Amino acid sequence: MRYWLMKSEPSEFSIDDLEKRPHQTEHWDGVRNYQARNMMRDEMKVGDLAFFYHSNCDTPGIVGIMRIAREAYPDFTAFDINNKHYDPSSKPDDPRWFMVDVQFVRKLKRTITLNELKGRPELNGLALVRRGNRLSVMPVTAAQWEFILSLE
DNA sequence: GCCAACGTTGGC
DNA sequence: GCCAACGTTGGC
């Protein structure tokens with residue numbers, strides 16, 4: 001089993017939105033970065049756990065935990081011309097973009113902010129705290145996972 | 001294959 | 001809203 005961190009802008013889709021979905025499950029659409037796609041498509045497995053990270057908001061940080069509930073399948077929002085993530089180069093018979101389903105596990109007792117994660121030697125190598133990093137899906141080691149939860 | 005222009009991400 | 005840091009695109 002592996003660990004992950006996945007970013008979402010809470011104004012688009014927040015941990016509270018996920019909690020309220022039927023079965024507390026939703027597809028994680030809109031990833032349009034090859035590195036992130038490859039990790040979702042090739043490495044994420046049902047049962048993996050992921051941090052839910054709120055980006056581009058007042059207090060960026062980790063707000064909860066979710067579980068991968070379905071392995072990668074074509075991101076159909078890329079086929080929908082009315083969707084903001086529409087990509088004409090992704091075709092139903094040759095999809096370019098993929099998504100997984102995620103299921104709510106729990107919220108953290110508090111937001112573990114990006115600010116307090118930065119500069120922690122335990123998190124050296126975590127893409128999130130590397131300067132200029134924009135990856136929206138990234139792997140987290142077991143040690144990094146445990147350390148972050150110990151801050152809760 | 002190079003690289004300038006452009007678009008996006010996301011912290012601040 | 002600004003802008004640095006990237007990733008992608010497309011002309012050559």
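Quick caveat: nothing in here was measured; it's all calculated off a predicted structure. In what follows, chains carry the letters A, B, and so on, assigned in the order in which the sequence lines appear, proteins first and then strands, with residues in each chain numbered from 1.
- The pair A:Glu9-A:Lys84 does not count as a salt bridge, with every side-chain nitrogen at least 4.0 angstrom from each carboxylate oxygen.
- For A:Arg21, the side chain to side chain donor-acceptor pair (under 3.5 Å) test picks out A:Glu26, with sequence neighbours left out.
- Other residues, nucleotides and ligands contribute only 12 or fewer heavy atoms inside 6.0 Å of the CD atom of A:Gln35.
- With rounding to the nearest 0.5 Å, the separation of CD in A:Gln144 from CZ in A:Arg120 is 13.5 Å.
- Between A:Phe76 and A:Tyr73, the two ring planes are tilted [angle within 30° to 60°].
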(message) Please evaluate residues A:Trp97 and A:Tyr34 with respect to the criterion ring-ring contact (aromatic ring centres under 6.0 Å, His included), reporting the C-alpha separation (whole Å), side-chain torsions for both, the decisive distance (0.1 Å), and the verdict.
(response) CA-CA 8 Å; A:Trp97 304 115; A:Tyr34 290 106; 4.8 Å; yes

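- The aromatic rings of A:Trp28 and A:Phe13 stand perpendicular to each other, their planes meeting at an angle above 60°, with 30° marking the opposite boundary.
- Protein chain A contacts DNA chain B from B:dG7 to B:dC12, reading 5' to 3' and using non-hydrogen atoms of the protein with a distance under 4.0 Å.
- When each of A:Arg96 and A:Asn56 is assigned the nucleotide of DNA chain C bearing its nearest heavy atom, the one mapping closer to the 5' terminus is A:Asn56.
- Rounded to 10 degrees, the angle separating the terminal helix axes of the helix from B:dG1-C:dC12 to B:dC12-C:dG1, each built from five base pairs, is 10°.
- Checked by atom type and distance alone, the side chain of A:Arg37 pairs as donor or acceptor with a backbone atom of A:Arg96 at under 3.5 Å.
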